[in-house]
Every structure is written in C-alpha cells, then in structure tokens.
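Here's the structure, in structure tokens; my notes come after.
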Amino acid sequence: MEIIDNLRNEFNSSFNKLKEAEIKFYKSKYPDEEFPIPEIVASFNFKEDTINTYKEFNYPNEYILKVDKRANWNTTAAITIFNSNMNLQSKIIVNAFNSINDTIFHELTHVSDYYSYCKSHNYLNYLELIQLKEFICIYLFSEFRAFYRGILYCDEEIEKRVKYETTEFSKIQQATIDKQNLEVYYYHSIKYISLYCVYLEKCVSKEEITNILLDEDKNILHIILKFLYPLRNKKFSEMEIYFNDFQNILDKMISKS
C-alpha cells in the first residue's frame with residue numbers, strides 16, 4: 001500500500017507541474033483569450049469522480065444518467081464539466097490512465113470557447129445553453145478548434161498519424177453509421193478533419209492547399225475540409241456567423257451517410 005501511495009504522490013507532483021506548464025503555454029499562444037482558469041485534477045477513478053462532480057455542480061439525475069450511458073469511460077482522456085452556473089469555476093478531470101500530451105491544452109480550448117460564447121450572449125446556466133438549437137455547432141466548432149490546436153503543437157510525425165487515422169476513421173465511421181450514433185459520427189468526422197488541417201498546414205505547399213480548397217466537392221469530408229480549413233485560426237466569436245452554413249453541412253452528412 002505504501003508503494004502505491006508513493007507512486008500516486010509522484011504522479012500528482014508531475015501532474016501539477018504539467019498542469020502549470022500547459023496553462024502557461026496556452027496563455028502564451030492565445031494571450032487575448034480571457035476565461036476563469038478551471039480547477040484541473042487527475043483522477044484514478046475517472047467515472048466515479050466525473051459523476052460525483054456532476055452531482056456537486058447540481059446537475060439533475062436524468063442528465064447524469066445520460067452522461068453515464070453515452071460515455072466511453074475506458075477511452076476518454078478527460079472531460080470538462082462546467083458548473084451549472086457559468087460564472088463559477090469549471091473543472092477539468094483528466095483520466096490518469098488514459099491522458100495524452102495535449103489533453104489539458106485541448107480542454108482549455110473548450111473552457112475558453114464556451115465561456116466566450118456564454119459571456120457574449122449572457123447565458124449563465126449551462127443546462128440552458130445545451131438546449132439551444134445551435135448548440136451542436138457550438139460543440140463541434142469547439143471540438144475542431146481543440147483538436148486542431150492540440151495536434152498543431154504536438155511533436156509528432158503528422159504524415160504517419162494521418163495514414164493511421166485514415167484507416168481508423170474508416171472503421172469508426174462505418175461503426176457509427178451502423179449504430180446510428182449521430183453525435184459520435186459528427187465528433188469523429190470533425191476530429192479527423194482537424195488532423196488533416198494540421199497536415200495541410202505542416203506538410204503541404206500553399207499551391208496544393210489552394211487547389212484542394214478550389215477543387216470540386218469530392219465527398220462529404222472534402223466539403224467539411226474546405227469549410228473548416230479557412231476558419232482554423234479565427235476567434236470563437238468570429239465563427240458564429242458560420243453556424244447556419246455549418247448546420248447545412250451537418251445535414252448533408254446525414255443524407256450522404
């Protein structure tokens with residue numbers, strides 16, 4: 001037991017240093033983004049700590065049950081839980097057994113995006129926010145930004161990752177279609193396109209990128225890529241004018257799936 005406690009203490013010490021470094025790095029890259037720094041904790045019992053936090057933040061039981069049913073507790077790296085009152089501090093729970101290099105950076109993007117949207121529209125209650133018809137666009141735009149930014153600053157071979165993720169995405173895409181899980185289908189499509197945008201940024205000439213963006217639509221992924229790539233560095237507040245166009249593309253994804 002003493003050995004386990006020592007290992008846990010060592011992990012927590014390293015995690016606290018990582019947390020501070022990630023916050024500092026995020027602020028250095030996006031100094032104009034202002035949001036309350038969330039509480040960031042590492043969890044050795046990810047599901048239990050997540051559910052307990054929802055209870056602590058006074059989420060209704062039916063919402064917590066939906067989260068439990070939808071969640072893939074074995075593969076999720078982290079979750080951001082917004083306090084039911086958006087003016088209060090949110091919490092990022094990092095799965096101690098499943099996090100990756102850009103996990104905290106990714107989640108900080110979500111905190112920034114959601115806080116920015118709620119502040120500009122005077123939404124104080126997160127449960128009200130998720131009822132908005134445009135919430136799917138808010139959610140997926142933020143996922144795009146979080147994945148794009150996290151991958152952009154990761155030190156890895158993008159070409160190899162694109163090859164691997166292309167194969168994996170094809171499997172995931174078909175599985176989500178078969179199960180008719182629309183939200184997961186959207187999520188993985190946006191995740192893949194985020195990676196591909198970084199690939200274009202780092203590995204492809206400007207001339208080739210222009211050709212890709214001006215070429216006729218080849219498939220739904222090409223349509224999403226052409227739409228999202230020019231938005232990759234915009235502020236979240238600047239993306240709101242694209243909600244309707246984005247929703248039209250999401251509708252096309254359903255019809256073509």
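Quick caveat: nothing in here was measured; it's all calculated off a predicted structure.
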In Å, rounded to the nearest 0.5 Å, how long is the span from SG of Cys137 to CG of Asn244? 7.5 Å
Euclidean distance, Glu165 CD relative to His188 NE2, rounded to 0.5 Å: 10.0 Å
Anything under 30° is parallel, anything over 60° is perpendicular, the rest tilted; go ahead and classify Tyr187 against Phe147. perpendicular
dist Ile209:CD1 -> Lys206:NZ (nearest 0.5 Å) comes out at 8.5 Å
Would one find more than 12 heavy atoms of other residues, nucleotides or ligands at under 6.0 Å from atom NZ of Lys202? yes
Taking Tyr26 as the starting point, is it possible to reach Tyr153 by hopping between hydrophobic residues whose side chains are less than 4.5 Å apart? yes
Heavy-atom closest pair (Ile190 atom, Ser194 atom, distance to 0.1 Å) is O-OG, 2.7 Å
What verdict does the side chain to side chain contact (heavy atoms under 4.5 Å, CB included) test give for Asp68 and Lys47, after you've listed the backbone C-alpha separation in whole Å, the side-chain angles of each residue and the deciding distance to 0.1 Å? CA-CA 8 Å; Asp68 190 9; Lys47 177 180 177 179; 3.2 Å; yes
How close do Met239 and Phe144 get, heavy atom to heavy atom, and via which atoms? CE-CD2, 4.4 Å
Out of the candidates Ile92, Thr103, Val111, only one should pair with Ile40 under the side-chain contact (heavy atoms from CB on, under 4.5 Å) rule; please name it. Ile92
Return the CZ to CD1 distance between Phe169 and Ile172, rounded to the nearest 0.5 Å. 8.0 Å
Salt-bridge present (Arg161, Glu156; N to O < 4.0 Å): yes
Validation: residues 221-232 side-chain donor-acceptor distances under 3.5 Å, sequence neighbours left out:
unit_1: His222; atom_1: ND1; unit_2: Glu216; atom_2: O; d: 3.3
unit_1: His222; atom_1: ND1; unit_2: Lys218; atom_2: N; d: 3.1
unit_1: His222; atom_1: NE2; unit_2: Ile212; atom_2: O; d: 3.0
unit_1: Lys226; atom_1: NZ; unit_2: Asp215; atom_2: O; d: 2.6
unit_1: Lys226; atom_1: NZ; unit_2: Asp217; atom_2: OD1; d: 2.6
unit_1: Tyr229; atom_1: OH; unit_2: Glu201; atom_2: OE1; d: 3.0
unit_1: Arg232; atom_1: NE; unit_2: Glu201; atom_2: OE1; d: 2.9
unit_1: Arg232; atom_1: NH1; unit_2: Tyr229; atom_2: O; d: 2.8
unit_1: Arg232; atom_1: NH2; unit_2: Glu201; atom_2: OE1; d: 3.4

Working to the nearest 0.5 Å, report the span between OH of Tyr185 and CG of Leu250. 10.0 Å
Check: Glu159 and Cys203 side chains under 4.5 Å, non-hydrogen atoms: yes
Is any side-chain heavy atom of Ser112 closer than 4.5 Å to one of Phe236? no
Start with the C-alpha distance between Asp102 and Arg149, add both sets of side-chain angles, then the distance that settles salt bridge (charged side-chain N to carboxylate O under 4.0 Å, His left out), and finish with yes or no. CA-CA 9 Å; Asp102 65 337; Arg149 288 174 168 191; over 6 Å; no
Using side-chain heavy atoms (C-beta onward) and a distance below 4.5 Å, is Phe35 in contact with Tyr114? no
Side-chain heavy atoms of Ile151 within contact of Ile158, under 4.5 Å: yes
Please evaluate residues Thr50 and Ile81 with respect to the criterion side chain to side chain contact (heavy atoms under 4.5 Å, CB included), reporting the C-alpha separation (whole Å), side-chain torsions for both, the decisive distance (0.1 Å), and the verdict. CA-CA 8 Å; Thr50 297; Ile81 303 179; 3.9 Å; yes
If two hydrophobic side chains count as joined below 4.5 Å and joins carry through other members, does Ile249 share a cluster with Ile241? yes
Kindly indicate, with the supporting measurements, whether the criterion ring-ring contact (aromatic ring centres under 6.0 Å, His included) is fulfilled by Tyr139 and Tyr186. CA-CA 10 Å; Tyr139 163 66; Tyr186 285 153; 8.9 Å; no
Give the C-alpha distance, both sets of side-chain angles, the deciding distance and a yes or no for side chain to side chain contact (heavy atoms under 4.5 Å, CB included) between Val162 and Tyr164. CA-CA 5 Å; Val162 167; Tyr164 171 77; over 6 Å; no
The complete set of side-chain hydrogen bond (donor to acceptor under 3.5 Å, both in side chains) pairs with one or both residues in residues 116-131, sequence neighbours excluded, reads Tyr117-Glu134, His121-Glu240
For the hydrophobic clusters of this structure (ILVMFWY residues joined by side-chain heavy atoms under 4.5 Å, transitively), does one cluster hold both Ile37 and Leu88? no
Going by the angle between their ring planes, with limits at 30° and 60°, are Phe141 and Phe243 parallel, tilted or perpendicular? parallel
Determine whether a donor-acceptor pair (N or O, by modelled atom type, separation under 3.5 Å) exists between the side chain of Thr109 and the backbone of Phe105. yes
Atom of Lys133, atom of Ile136 and distance for their closest heavy-atom approach: O-CG2, 4.2 Å
Going by distance alone, is a donor N or O of one side chain under 3.5 Å from an acceptor N or O of the other, for Glu20 and Asn16? no
Considering only distance and modelled atom types, tabulate donor-acceptor pairs under 3.5 Å from the side chains of residues 53-63, sequence neighbours left out.
unit_1: Thr53; atom_1: OG1; unit_2: Asp49; atom_2: O; d: 2.8
unit_1: Tyr59; atom_1: OH; unit_2: Phe82; atom_2: O; d: 2.4

Please check if the side chain of Lys27 supplies one atom and the backbone of Glu33 the other of a donor-acceptor pair under 3.5 Å. yes
Would you call Glu238 and Lys235 a salt bridge, taking side-chain N to carboxylate O under 4.0 Å as the test? no
Return yes if a side-chain donor-acceptor contact under 3.5 Å exists between Trp73 and Asn95, otherwise no. no
Examine Val184 and Ile130 and state if one hydrophobic cluster contains both, with Ile, Leu, Val, Met, Phe, Trp and Tyr joined whenever side-chain heavy atoms are less than 4.5 Å apart. no
What residues, two or more places apart in sequence or in another chain, satisfy ring-ring contact (aromatic ring centres under 6.0 Å, His included) together with Tyr196? Tyr199
Would the distance check show the side chain of Asn52 and the main-chain N or O of Glu48 forming a donor-acceptor pair, the cut-off being under 3.5 Å? yes
Side-chain donor-acceptor contact under 3.5 Å, Ser13 with Glu10: no
Donor-acceptor pair, distance only, cut-off 3.5 Å: does the side chain of Ser43 make one with the backbone of Asn45? yes
Pairs where residues 79-89 contributes a residue and the test side-chain hydrogen bond (donor to acceptor under 3.5 Å, both in side chains) is met, not counting sequence neighbours: Thr80-Glu107
Co-membership, hydrophobic cluster, residues Leu65 and Phe46, 4.5 Å side-chain: no
Can you confirm whether Glu39 is buried at CD, in the sense that more than 12 heavy atoms of other residues, nucleotides or ligands lie under 6.0 Å from that atom? yes
Would one find more than 12 heavy atoms of other residues, nucleotides or ligands at under 6.0 Å from atom CZ of Phe97? yes
Working to the nearest 0.5 angstrom, can you tell me the gap between His106 NE2 and Cys154 SG? 11.5 Å
For Glu183, give me all partners under salt bridge (charged side-chain N to carboxylate O under 4.0 Å, His left out), at least two apart in sequence or on another chain. none
